[in-house]
Structure formats: C-alpha cells, structure tokens
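Here is the structure we will look at.
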Amino acid sequence: MADGDAGRYLAIADHGMIGDMRSVALVGVNGTIDWYCCPRFDSPSVFASLLDADRGGRFELAAAVPAQTKQFYFPDTNVLITRFYADEGVGEIQDFMPVVGDPAEAGRHRLIRRVMCVRGKLPFAALVAPRFDYGTQPHMLRRDGDRMLFECQVLSLALTSSVEVVADGGDVRAQFVLDEGQVAVFALDRVADELPPRSCPLTEAEEQLTETVRYWRTWLSGSHYRGRWREMVNRSVLTLKLLTYAPTGAIVAAATTSLPEQIGGERNWDYRYVWIRDAAFCLYGMLRLGFSDEAAAFMDFLDRHVVLRGDGPDGPLQIMYGVDGRTDLPERELPHLEGYRGSAPVRVGNNAVGQLQLDIYGALIDSIYLYDKWAHPISSDRWEEVTGLVDWVCGNWDRPDEGIWETRGGRKNFLYSRLMCWVAIERAIRMATHRGLPADLPHWRQTRDDIYHQIMRRGYSAKRQAFVQQEDADVLDAALLMMPMAKFVSPTDPKWLSTLDALAEDLVSDSLVYRYDPAMSPDGLRGVEGTFSMCSFWYVEALARAGRLDEARLAFEKMLTYANHVGLFAEQIGHTGEQLGNFPQAFTHLSLISAAFYLDRALG
C-alpha cells in the first residue's frame with residue numbers, strides 16, 4: 001500500500017450501518033455512502049468506493065464548507081445521524097432504509113437521506129455516482145419527470161430529490177443551501193417492471209422516518225437484557241437484526257467483502273453469506289435475549305433451504321449457504337478494483353464453501369438442542385435429520401479437516417473440531433433422553449466417550465500444560481476457549497486453568513486475543529493478521545467462568561473501548577487499535593452479548 005492511499009479511504013471503523021434486513025449501506029462519518037449492494041447483501045455493489053476510491057462508486061452528501069462531524073444512532077434504532085458543525089451553522093443527515101411489511105414494496109429497497117439545517121444557514125453538496133456490478137456495468141442516465149433514472153442491464157435505480165439536481169455525465173450533482181429549520185430529501189429506489197418509480201416528498205420522508213424509528217424501538221423492546229452493558233448489548237442485537245435476511249431468516253457473517261485482515265495483505269474474503277456456525281451461535285444469542293421469532297426464522301431457513309441428508313465427500317452439511325439457500329458460491333477475483341487502501345485481491349464468492357469443517361455439526365445441533373429446550377420442541381422430521389447427522393458424525397469425527405479458521409494449508413486433526421463433534425453427540429443424547437426420542441444411544445454414548453478420551457489423551461500437551469490446536473502437537477489455538485462454554489471441561493479444572501494461563505502467555509495481548517500464530521501453525525497464506533475480536537470476548541467469558549471476575553471485567557471494559565463511535569466491531573483489531581477485516585461482524589457482536597450476559601450474572 002502506498003502511504004498516500006490512506007487519505008483516500010476512511011478508516012473501516014469510521015462508518016455506521018443502515019439497512020432494511022435485505023441489504024445494508026455503510027455511511028462514513030464524512031456523509032458518504034461508500035458501500036451498498038442491491039437488492040441483497042450478496043448482490044453486486046452499487047457503491048463500493050470502500051474497495052476502490054476511484055472506480056467503486058459513491059453517494060456523497062455533506063456540508064459544502066469546512067465542518068467537524070459526529071455520527072450517532074437515533075437511540076434504540078438503526079436510523080443513523082451524521083452531524084456537521086461549521087462556523088455558519090449546524091446541519092445533519094438522517095440516513096435510513098424503511099422496513100416495509102409489503103413484500104412487493106420491500107423490493108424497492110428505498111434508501112432515504114434526509115438533510116436538515118438545525119442552526120444557522122448551511123450550504124450542502126451531493127454527488128450520486130453509482131458504479132454497477134462492482135464497477136463493470138456501464139449505465140445510462142435519463143430524467144423522468146422529477147426523477148433521475150440510472151439504468152443498466154443488471155439493475156435500475158431512481159433518484160428523487162426535493163432540491164434541483166443536474167446531470168454530470170452518468171452522475172448526478174446537487175448544490176443547495178438550507179436555512180435553520182429547512183429540510184431536503186434524497187431517496188434512492190430500485191425500479192423494475194413490478195416496481196414503477198415512486199416520488200418521495202418531504203412529508204412522506206418524515207412519515208417513513210417516524211415509522212422506521214417506531215419499528216426498531218418496538219422490536220428492541222422485546223429484549224430481556226437489563227444488565228450493566230445495556231447500550232452495547234442493544235447495539236449488538238440491533239446489528240445482528242440488520243444482518244438478517246428477512247425473506248428466509250438467514251444471518252450473514254458480515255456486511256462486506258474483502259476488507260483486509262492486514263493492510264496490503266491477501267487475507268481478504270467475502271463474508272456476505274450464511275455460515276452455519278455463525279448463524280447457529282447467533283440463534284443462541286437471540287434465544288438468550290428473548291427473540292424467539294428470530295430463532296424460529298433461522299430454523300425455518302434450515303427446514304427450507306439446507307439439505308441435511310446425504311453423505312458427500314465433505315459431509316451431509318455444507319459450511320455456508322447463500323441467503324436464499326443456494327449452495328454454489330464460486331470465488332473469483334476482481335482485478336480492476338484496487339482493494340481497500342491497496343489491499344488486493346478483491347474477492348467475491350468463497351471457495352471455503354467446499355471445505356470439511358467438522359465443528360459445524362456441533363454448532364448446529366447445539367442450536368437445535370437450545371431451540372428445542374427454550375423455544376419449541378422440534379418436529380419428528382427434524383429429529384430424523386438430527387439422528388442422521390449424529391450417525392454421520394459418529395462415523396467421521398476423527399477425520400482431518402480445515403477447521404474453524406478455514407485454513408488453506410491442508411487438512412489437520414484440529415482439536416476444536418473434535419470438541420464440537422463431542423458437542424453434537426452429547427446434545428443429541430440430551431434431546432433423546434429428555435423427550436424419549438428414538439436413537440442408537442449405546443453407540444452414541446460410546447462414540448461420545450471415545451472422543452472425550454482421545455481429546456484428553458492426544459489433545460493435552462504435558463510439555464505446554466495446555467490443550468492444543470492439533471492432536472499430538474504443542475501449538476495453542478484460541479478456539480479452545482470454547483471448551484468450558486461447551487461443557488466439555490469444568491471451568492475450574494486444573495488442566496483448563498493451566499490452558500487459560502498458556503493462552504494468556506502465547507495469544508493474549510492486553511486482553512486482545514489472536515486466533516493462533518501463523519508462524520507456528522502455517523495456514524497456507526502470506527502475511528499476518530490482527531487480534532480476533534470474537535476470541536477476545538470468549539476470553540472474557542472464560543476468565544469469568546474460572547472465577548477471575550476482576551480480570552474478566554477489566555478485559556471486557558478494555559474490549560469495549562475498541563468499538564467504533566457507534567458501537568460496531570469489525571472482525572479484527574490491528575496493532576495500533578484500528579479495526580480490520582469485514583465490518584461489522586455478526587460473530588463478534590454475538591460473543592459480546594454472551595460475555596455481557598455471563599459477566600452480569602457472575603457479578604450479581
């Protein structure tokens with residue numbers, strides 16, 4: 001990366017997120033929308049200057065004079081406000097995407113930018129510069145009455161504005177001045193044969209703002225959390241809801257693709273898909289907070305879109321799916337995009353879809369167990385599928401795999417995969433026993449115990465006095481922080497306490513936790529990465545479960561300081577505290593919720 005590139009890109013953390021539970025937009029603190037895909041999370045981008053400042057496309061809207069900015073959410077909602085403080089006055093942009101119940105109208109994916117001058121008098125400037133299909137599809141611009149239509153082969157969008165706009169090649173510009181109390185509105189809508197263009201007058205924009213605020217506040221009022229960190233937990237669950245694809249109940253891992261784990265590095269992946277592991281853990285978080293409808297929607301996604309039967313070479317369950325349940329997610333590079341701050345390649349799709357990751361069976365069956373216990377008893381058909389999965393795990397648990405971190409350096413005997421196979425069988429035994437469901441319990445119990453003994457025999461290093469990443473090795477892995485949370489080992493077992501100390505020595509840096517050390521455990525990729533935020537919250541919970549409450553609380557409070565200005569977390573944190581990787585990451589916010597819950601309860 002050239003040093004000069006940094007000024008062309010906002011920091012990853014300098015963004016808030018809005019959405020309609022079908023897609024999202026990232027809005028920078030400078031008022032620019034520099035990431036937006038339409039009509040779905042995983043659709044090709046319309047605005048992607050986050051991945052290429054010149055060719056990606058963007059929607060600029062800001063005060064046209066020097067100004068300081070601040071950004072925050074309308075309390076308890078996903079309506080984002082960006083404020084501009086200038087010598088001439090104070091203005092703000094209210095950005096939101098209305099949540100629409102009518103499926104036909106929801107296809108419009110309306111994005112509203114409501115601009116106000118709240119004090120004094122301010123000039124504003126706007127630039128709407130879409131670059132369709134990751135900047136590969138040319139478009140035509142034409143005026144249609146009071147609208148400007150951006151039309152290309154793959155998508156057409158209509159811009160409605162309450163102020164005069166002018167064409168600038170294929171882009172649209174506007175300059176206007178607002179006096180105190182005056183409002184201007186820009187609305188961007190998808191248009192199609194079944195979605196004719198629709199105006200957005202000032203009164204309608206205000207009504208839709210009110211309705212959107214009401215929707216989010218009503219939904220959030222269903223949360224059961226009343227603990228010490230209510231604001232952060234609420235923001236996390238609002239973020240998880242935004243990352244949910246309403247038509248199917250699927251939860252994407254993150255809103256973006258190819259934001260780097262190392263600036264200038266190649267560790268850039270597409271996270272706009274449904275990882276069974278992530279979604280299952282998110283279901284657990286939603287259940288814990290009292291959102292049983294969201295848990296039911298995810299179970300419905302499994303019923304409708306995830307085929308659990310069959311025995312292919314990589315198991316009966318795929319590790320990830322499209323938000324519509326599709327299984328084909330081919331990975332390709334986009335060489336015409338330079339990547340965030342020169343971090344190429346930019347990738348769309350994800351070849352990890354074909355990996356064998358045995359831990360997902362434990363994550364999935366644990367979530368089904370929790371749903372059966374705390375929400376609704378699962379159906380007889382679902383139980384048949386569970387027994388099929390468990391029988392498959394019983395026959396395949398000791399195979400090498402790519403593991404939870406999706407390494408590209410070949411399959412290995414990862415201990416975390418063994419642990420979660422144990423979870424899959426153990427939770428299924430609990431369900432069968434509790435409800436008297438038919439199962440081959442003698443075989444399941446024998447296999448469960450075989451896994452336990454193998455982990456204890458080959459997964460614990462006497463040299464390191466710790467459980468290790470791979471069988472018969474001495475390398476550590478932060479995924480093992482899940483061992484006490486999975487109920488495999490007591491959180492005060494001497495072997496676990498010495499493991500916790502070893503992890504702190506090798507992988508923890510001032511409460512921040514690395515997943516593993518690529519130098520000690522090669523993963524098939526060049527470069528390094530930051531600390532993994534999800535693991536940092538796991539570490540907090542592990543400390544709390546071990547009774548080290550003062551350490552846990554301090555680590556938790558430290559971790560919260562790495563959230564961005566509106567409480568969002570990317571996947572990783574770099575050496576100087578900067579956020580790295582795809583943003584925001586669902587798994588991180590789920591682990592924050594889990595740590596806050598347990599720590600609250602432990603503190604009393």
Side-chain angles (χ1 to χ4, degrees), residues 224-229 232-233 236 277 280-285 287-289 359 362-363 366-367 369-370 373-374 404 415-416 418-420 422-424 426-427 430 452 455-456 459-460 464-469 476-516 531-560 587-604:
H224 293 170
Y225 183 78
R226 299 291 184 270
R228 293 168 175 81
W229 297 282
M232 289 300 296
V233 168
S236 290
R277 173 193 308 113
F281 277 109
C282 287
L283 179 146
Y284 168 62
L287 280 175
R288 178 173 267 184
L289 290 170
D359 67 282
D366 191 32
S367 69
Y369 160 74
L370 291 168
K373 181 177 180 181
W374 298 112
I404 181 176
L415 200 68
Y416 182 76
R418 304 284 188 268
L419 166 71
M420 295 307 288
W422 178 90
V423 168
E426 199 275 337
R427 300 304 191 266
R430 288 194 194 189
Y452 178 90
I455 289 175
M456 288 299 185
Y460 186 81
R464 296 303 313 275
Q465 290 292 291
F467 292 103
V468 289
Q469 182 186 62
L476 300 183
D477 190 319
L480 301 180
L481 288 164
M482 281 294 296
M483 293 183 82
M485 288 183 264
K487 313 292 189 196
F488 179 86
V489 67
S490 164
T492 56
D493 185 291
K495 284 187 174 180
W496 172 247
L497 293 177
S498 61
T499 299
L500 196 55
D501 290 338
L503 287 168
E505 183 177 338
D506 278 26
L507 298 180
V508 178
S509 173
D510 190 37
S511 81
L512 299 176
V513 181
Y514 292 93
R515 294 189 291 184
Y516 55 93
T531 58
F532 209 72
S533 297
M534 173 186 73
C535 294
S536 299
F537 285 117
W538 283 359
Y539 181 59
V540 168
E541 191 163 346
L543 288 172
R545 288 174 182 268
R548 294 158 62 173
L549 294 182
D550 288 342
E551 291 177 69
R553 185 167 187 176
L554 179 60
F556 188 70
E557 295 288 359
K558 283 182 178 180
M559 191 60 200
L560 294 185
F587 221 156
T588 297
H589 286 277
L590 179 277
S591 60
L592 182 157
I593 292 169
S594 183
F597 249 92
Y598 190 87
L599 195 52
D600 257 324
R601 187 169 64 183
L603 290 169

Taking atom OH of Tyr598 as the centre, report whether more than 12 heavy atoms of other residues, nucleotides or ligands fall under 6.0 Å from it.
-> yes
From [X] atom [atom1] to [Y] atom [atom2], the distance as rounded to the nearest 0.5 Å:
X      : Y      : atom1 : atom2 : value
His224 : Leu289 : NE2   : CG    : 8.5 Å
Leu599 : Arg228 : CG    : CZ    : 7.5 Å
Ser536 : Lys558 : OG    : NZ    : 11.5 Å
Phe587 : Leu590 : CZ    : CG    : 6.5 Å
Ile404 : Gln469 : CD1   : CD    : 11.0 Å
Met482 : Glu541 : CE    : CD    : 8.0 Å

Where is the tightest heavy-atom contact between Thr492 and Leu497, given as atom of each residue plus distance?
-> O-CD1, 3.6 Å
Measure across Leu283 and Ser367 and return the closest heavy-atom pair with its distance rounded to 0.1 Å.
-> CD2-O, 3.7 Å
Quick one: salt bridge (charged side-chain N to carboxylate O under 4.0 Å, His left out) partners of Asp359, sequence neighbours excluded?
-> Arg277
Contacts of type side-chain hydrogen bond (donor to acceptor under 3.5 Å, both in side chains), residue Lys373, not counting sequence neighbours | none
With Arg548 via side-chain hydrogen bond (donor to acceptor under 3.5 Å, both in side chains) - residues at least two apart | Asp501, Glu551
Side chains of Leu500 and Leu481: does their closest heavy-atom pair fall under 4.5 Å?
-> yes
Find out whether Phe537 and Ser594 are in side-chain contact, i.e. whether some heavy atom of one side chain is under 4.5 Å from a heavy atom of the other.
-> no
Is there any salt bridge (Lys or Arg N to Asp or Glu O under 4.0 Å) pair reaching into residues 479-500, and which pairs are they, with sequence neighbours excluded?
-> none
Check ring-ring contact (aromatic ring centres under 6.0 Å, His included) between Tyr460 and all other residues, then give those that pass, not counting sequence neighbours.
-> Phe467
Taking only residues two or more places apart in sequence or in another chain, which ones pass ring-ring contact (aromatic ring centres under 6.0 Å, His included) with Tyr225?
-> Phe597
Assign the ring pair Phe488 / Tyr452 to parallel, tilted or perpendicular, where the plane angle (0 to 90°) is split at 30° and 60°.
-> tilted
Could you tell me whether the side chain of Ser498 and the main chain of Ala466 form a donor-acceptor pair under 3.5 Å?
-> no
Apply side chain to side chain contact (heavy atoms under 4.5 Å, CB included) to the pair Tyr539 and Leu512, showing each step before the final yes or no.
-> CA-CA 9 Å; Tyr539 181 59; Leu512 299 176; over 6 Å; no
Test side chain to side chain contact (heavy atoms under 4.5 Å, CB included) applied to Leu503 and Thr499, step by step | CA-CA 6 Å; Leu503 287 168; Thr499 299; 4.1 Å; yes
